[in-house]
Amino acid sequence: MFCLVALVRASITDPGRLPENPKIPHGEREFWELCNKCNLMRPKRSHHCSRCGHCVRRMDHHCPWINNCVGEDNHWLFLQLCFYTELLTCYALMFSFCHYYYFLPLKKRNLDLFVVRHELAIMRLAAFMGITMLVGITGLFYTQLIGIITDTTSIEKMSNCCEEISRPRKPWQQTFSEVFGTRWKILWFIPFRRRQPLRVPYHFANHV
């Protein structure tokens, strides 16, 4: 249930699209820049998504699995989706192996039955798909965690143009709190709540 809720909410939640005429605080004008694709002002750590056609605050990447950008406002839901998908895959694999070794009828008179032979094939296929899914989602989840700890998005890692941002300058608790919108660690695992963004300026990472 948590996995499905995280999937739906990550897909439909606004990732942090910038309006056409954003209100720029007077003291932060020097930390905004002009997008060379849509000709609109945006915070410096924003990125223009070519698929969606607009700029997204602190955009990490455009995810085809949720058909949405992963940005400042739904990054926490994407992390929960990765986490609960990994748990769900482990849960399914555990029961597949238990069914194979303990609950499958292995009497000689059942070995030649049509149902048993095909059930074994389906279980083996499911186990192979589950292991593949587990390896893939573990790698994705690991890269996302490293990005949050180092306060770096996937786009910044690939572009190698934000060396100042890529250096870890804040404690990991603070970077996670900014992503999840709360300092209560137990709430980091709850996809049903509303995210309340912490009031941290966009240029905060450059002045710690």
Sub-6.0 Å ring centroid separation between Phe83 and Phe189:
yes
Just checking, Arg193 and Trp76: is the charged tip under 6.0 Å from the six-membered ring centre and within 45° of the axis?
yes
Could you tell me whether a side-chain N or O of [X] sits under 3.5 Å from a main-chain N or O of [Y], the two making a donor and an acceptor?
| X | Y | answer |
| --- | --- | --- |
| Thr85 | Cys82 | no |
| Glu156 | Thr153 | yes |
| Arg9 | Pro191 | yes |

Kindly indicate, with the supporting measurements, whether the criterion side chain to side chain contact (heavy atoms under 4.5 Å, CB included) is fulfilled by Asn67 and Ser11.
CA-CA 6 Å; Asn67 193 29; Ser11 301; over 6 Å; no
Is any side-chain heavy atom of [Y] closer than 4.5 Å to one of [X]?
| X | Y | answer |
| --- | --- | --- |
| Ile66 | Leu7 | yes |
| Arg183 | Gln174 | no |
| Val56 | His54 | yes |
| Cys38 | Leu18 | no |
| Asn68 | Asn74 | yes |

CA sep, side-chain torsions, deciding dist, call: Arg42, Glu33, side chain to side chain contact (heavy atoms under 4.5 Å, CB included):
CA-CA 6 Å; Arg42 66 183 186 185; Glu33 62 185 4; 3.4 Å; yes
Evaluation steps, side chain to side chain contact (heavy atoms under 4.5 Å, CB included), between Leu93 and Leu134:
CA-CA 9 Å; Leu93 283 174; Leu134 181 62; 4.1 Å; yes
Distance (rounded to the nearest 0.5 Å) between [X] [atom1] and [Y] [atom2]:
| X | Y | atom1 | atom2 | value |
| --- | --- | --- | --- | --- |
| Ser154 | His47 | OG | NE2 | 11.0 Å |
| Ser50 | Lys37 | OG | NZ | 6.0 Å |
| Ser177 | Lys185 | OG | NZ | 6.5 Å |
| Arg58 | Asp73 | CZ | CG | 11.5 Å |
| Ser46 | Leu40 | OG | CG | 11.0 Å |
| Ile24 | Glu30 | CD1 | CD | 12.0 Å |

Report yes or no: do [X] and [Y] belong to one cluster of Ile/Leu/Val/Met/Phe/Trp/Tyr joined by side chain heavy-atom distances under 4.5 Å?
| X | Y | result |
| --- | --- | --- |
| Leu187 | Phe78 | no |
| Phe192 | Leu77 | yes |
| Trp188 | Ile149 | yes |
| Leu145 | Phe180 | yes |
| Val70 | Val5 | no |

Where [X] and [Y] come nearest, the two heavy atoms and their spacing:
| X | Y | value |
| --- | --- | --- |
| Lys157 | Thr152 | CG-CG2, 3.7 Å |
| Leu79 | Phe141 | O-CE1, 3.8 Å |
| Ala127 | Phe97 | CB-CE2, 4.1 Å |
| Cys3 | Leu88 | SG-CD2, 4.3 Å |

Which of these passes side chain to side chain donor-acceptor pair (under 3.5 Å) with Glu72: Arg57, Arg195, Arg17, Arg45?
Arg57
Exactly one of Asp151, Thr150, Thr175 should register a side chain to side chain donor-acceptor pair (under 3.5 Å) with Lys170. Which one does?
Asp151
Is it the case that atom CG in Leu125 sees more than 12 heavy atoms from other parts of the structure closer than 6.0 Å?
yes
Got a sec: does the CE of Met94 have more than 12 other heavy atoms crowding it under 6.0 Å?
yes
Of all pairs that satisfy side chain to side chain donor-acceptor pair (under 3.5 Å), the ones with a partner from residues 129-145, not counting sequence neighbours
Asp60-Gln144, His75-Gln144, Glu86-Thr138
What's the verdict on side chain to side chain contact (heavy atoms under 4.5 Å, CB included) for Cys52 and His62, showing C-alpha distance, side-chain angles and the deciding distance?
CA-CA 9 Å; Cys52 299; His62 183 94; 3.4 Å; yes
Look at the aromatic rings of Tyr84 and Phe2 and report parallel, tilted or perpendicular, splitting at 30° and 60°.
perpendicular
